[in-house]
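Here the structure comes first, spelled out in structure tokens, and everything after it is commentary.
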Amino acid sequence: MAWNKHDYDGISGTYVFDGRRAHDSYALNKMFYSFNEESCRKEFDADPTAYCDKFKLTEAQKRLVLDQDFLGILRAGTNIYYMAKFAVPRGLTVQDAGAAFQGISTEAFKAKLLEKREGLVERLEKEGGYWNG
Amino acid sequence: MAKLIGGVTTSHIPAIGNAINDGLTQEHYWKRFFDGYGPVKQWLVEKQPDVLIVVYNDHGLNFFLDKVPTFAIGCADEYHNADEGWGLKPVAPFAGDAEFSWHLAESLIGQNFDMCTCQEMKVDHGFVNPLRVLFGDHERWPFKAIPLAVNTVQHPIPSARRCYNLGQGLGKAIASYPEDLKVVIVGTGGLSHQLQGERAGIIDVEYDLACIESVISNPDWLADQSNAEIIRKAGTEGVEVIMWLVMRGALNEKARVLHKHYHAPISNTGAGVLLLENC
């Protein structure tokens, strides 16, 4: 028994959601998927522990959910699209998650992204043929 | 005969829908991004396509991870948007074209593309946001739509080359449908972005522009790259750009570019818009 190795394993700071991660986080992702239904969101809110047990989360996974440790949930292999179903209604954006991974504030994370806009129009003019308003 | 008149590419991230909902499209942060769709919207008004085929990935609305089809095509009379977990009001349902869908499925499977056929298919932001940004909101959408979902979420995902080949098969399938239909294909997703891991937030403008040029005039450049190579440059979610190759493969080699637009950032993402007209 061994998990395959992949060309993408060596990309630093990058966790590709593949069979291994999907396998290990399946119960968490399944519970988050259920939150597409409002009735399930309400059932969770009424008794989070019981709801986690219903999906057979491990003790460690349950702890992450009850603590709303969003970064820990992602590190546990959960897919971000599924985690978002839990996190976004609780006020966490994907930019908050990205910032947390880097250990910087969301404002600093957004500012780094906005740097991409600097000189962009000039770059596109050099490239040629781009719409520029 | 059905005729594929053109192809469009666009990002599909949730922030686009949020900006529309919140009336922010003319705010400084968003204005340049949204204004760059103008010529595409004008072209669509002039051409009045009957059917839009939207190539996108599902983000956990219709498909859960218990069953993940590599390629899935909607074969229904109607497609519904639904709550993805954060309680947004769904947009109006989209009319499908079941006869055309089943023709496409038969043709593609006949060409050895093993499609998953879906007689019920909820469509998420990956499908909805491109149509909202191109057409505005409608209670009755002025076209029929066919969802074509590509797995870009749970690896193994199809290669860029396979996506390009699927597009080529789709082009043949469209051309062999006997009804007189004007068809437009929309390749959604990308460009560079990564949402998780310490590398979250990467946007590689140079790689994005190279992808745009490749999709216009040299699809082999992108199609020859492995998913690991694309992820290294464009990020784990940026690999969605392989869906642009489905769009490109469906068009003729000599399709000409009528409009290209690039903006960064929108949320965490580099965003490219292309309009290619078939010759």
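Naming: A, B, ... by sequence-line order, numbering from 1 per chain. Keep in mind it's a predicted model, so treat the numbers as computed, not measured.
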Indicate the atoms forming the closest heavy-atom contact of [X] with [Y], along with that distance.
{"X": "B:I203", "Y": "A:L113", "answer": "CD1-CD2, 3.7 Å"}
{"X": "A:S12", "Y": "B:R199", "answer": "O-CD, 3.5 Å"}
{"X": "B:E84", "Y": "A:N36", "answer": "O-OD1, 2.9 Å"}
{"X": "B:A228", "Y": "A:D7", "answer": "CB-CB, 3.5 Å"}
{"X": "A:G98", "Y": "B:A200", "answer": "CA-CB, 3.7 Å"}

At a 4.5 Å cut-off on heavy atoms, which part of [X] comes close to chain A: side chain, backbone, both, or neither?
{"X": "B:I157", "result": "neither"}
{"X": "B:E229", "result": "neither"}
{"X": "B:Y37", "result": "neither"}
{"X": "B:P39", "result": "side chain"}

Full working for side chain to side chain contact (heavy atoms under 4.5 Å, CB included) between B:Y262 and A:L124: CA-CA 8 Å; B:Y262 180 79; A:L124 295 175; 4.1 Å; yes
Any non-hydrogen side-chain atom of B:P265 less than 4.5 Å from a side-chain atom of A:L114?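 Yes, their side chains come closer than 4.5 Å.
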Between [options], the one whose heavy-atom pairs under 4.5 Å with chain B are most numerous:
{"options": "A:G13, A:S34, A:A99, A:G19", "result": "A:G13"}
{"options": "A:R41, A:M83, A:R20, A:Q102", "result": "A:R41"}
{"options": "A:V94, A:D9, A:N29", "result": "A:N29"}

Just so I understand: if I count every heavy-atom pair under 4.5 Å between each of B:H155, B:K31, B:E237 and chain A, which residue has the most?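 Sorted descending by pairs with chain A, the first entry is B:H155.
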Max heavy-atom pair count under 4.5 Å with chain A, selected residue of B:S267, B:G270, B:A15, B:G201: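 The answer is B:S267.
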Chain B heavy atoms under 4.5 Å from [X]: which part of the residue, side chain, backbone, both or neither?
{"X": "A:R75", "value": "side chain"}
{"X": "A:T78", "value": "backbone"}
{"X": "A:R21", "value": "neither"}
{"X": "A:R117", "value": "both"}
{"X": "A:A84", "value": "both"}

So how far is it from [X] [atom1] to [Y] [atom2], rounded to the nearest 0.5 Å?
{"X": "B:R32", "Y": "A:L120", "atom1": "CZ", "atom2": "CG", "result": "5.5 Å"}
{"X": "B:W86", "Y": "A:F86", "atom1": "CH2", "atom2": "CZ", "result": "14.0 Å"}
{"X": "A:K116", "Y": "B:S192", "atom1": "NZ", "atom2": "OG", "result": "7.5 Å"}
{"X": "B:N57", "Y": "A:Y81", "atom1": "CG", "atom2": "OH", "result": "5.5 Å"}
{"X": "B:H59", "Y": "A:Y82", "atom1": "NE2", "atom2": "OH", "result": "10.0 Å"}
{"X": "B:Q194", "Y": "A:T14", "atom1": "CD", "atom2": "OG1", "result": "4.0 Å"}

B:E198 versus A:Y15, side-chain donor and acceptor atoms under 3.5 Å: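 Their side chains do contain a donor-acceptor pair, which is all the 3.5 Å distance test asks for.
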Assess the side chains of B:N268 and A:Q95: does a donor N or O sit below 3.5 Å from an acceptor N or O?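 Checked: B:N268/A:Q95 side chains pair up, N/O donor to acceptor below 3.5 Å.
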Would one find more than 12 heavy atoms of other residues, nucleotides or ligands at under 6.0 Å from atom CD of B:E206?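 Yes, CD of B:E206 has more than 12 neighbouring heavy atoms, counting only those of other groups under 6.0 Å.
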Counting only heavy atoms not in A:K62, do more than 12 fall under 6.0 Å of its NZ?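 Count over threshold, so yes.
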Anything under 30° is parallel, anything over 60° is perpendicular, the rest tilted; go ahead and classify A:Y26 against B:F64.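 A:Y26 vs B:F64 ring planes: tilted.
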Walk me through it: do A:Y33 and B:L65 pass the test side chain to side chain contact (heavy atoms under 4.5 Å, CB included)? CA-CA 9 Å; A:Y33 177 70; B:L65 304 172; over 6 Å; no
Sole candidate of A:V16, A:L74, A:L71 that passes side chain to side chain contact (heavy atoms under 4.5 Å, CB included) when paired with B:Q196: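 Among the candidates, only A:L74 passes.
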Using the rule side chain to side chain contact (heavy atoms under 4.5 Å, CB included), only one of B:V153, B:L195, B:T236 pairs with A:I80; which is it?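 Of B:V153, B:L195, B:T236, side chain to side chain contact (heavy atoms under 4.5 Å, CB included) with A:I80 is met by B:L195 alone.
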Using heavy atoms and a sub-4.5 Å threshold, report which of residues 16-30 of chain B line up against chain A, by residue number.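 The list, in residue order, reads B:H28, B:Y29.
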Between A:K30 (side chain) and B:D66 (backbone), is there a donor-acceptor pair under 3.5 Å?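 No, A:K30 side chain to B:D66 backbone: no donor-acceptor pair under 3.5 Å.
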Exam field: side chain A:E127 to backbone B:L209, donor-acceptor pair closer than 3.5 Å: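 Checked: no pair found.
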Please evaluate residues A:W131 and B:K260 with respect to the criterion side chain to side chain contact (heavy atoms under 4.5 Å, CB included), reporting the C-alpha separation (whole Å), side-chain torsions for both, the decisive distance (0.1 Å), and the verdict. CA-CA 6 Å; A:W131 178 93; B:K260 58 180 181 176; over 6 Å; no
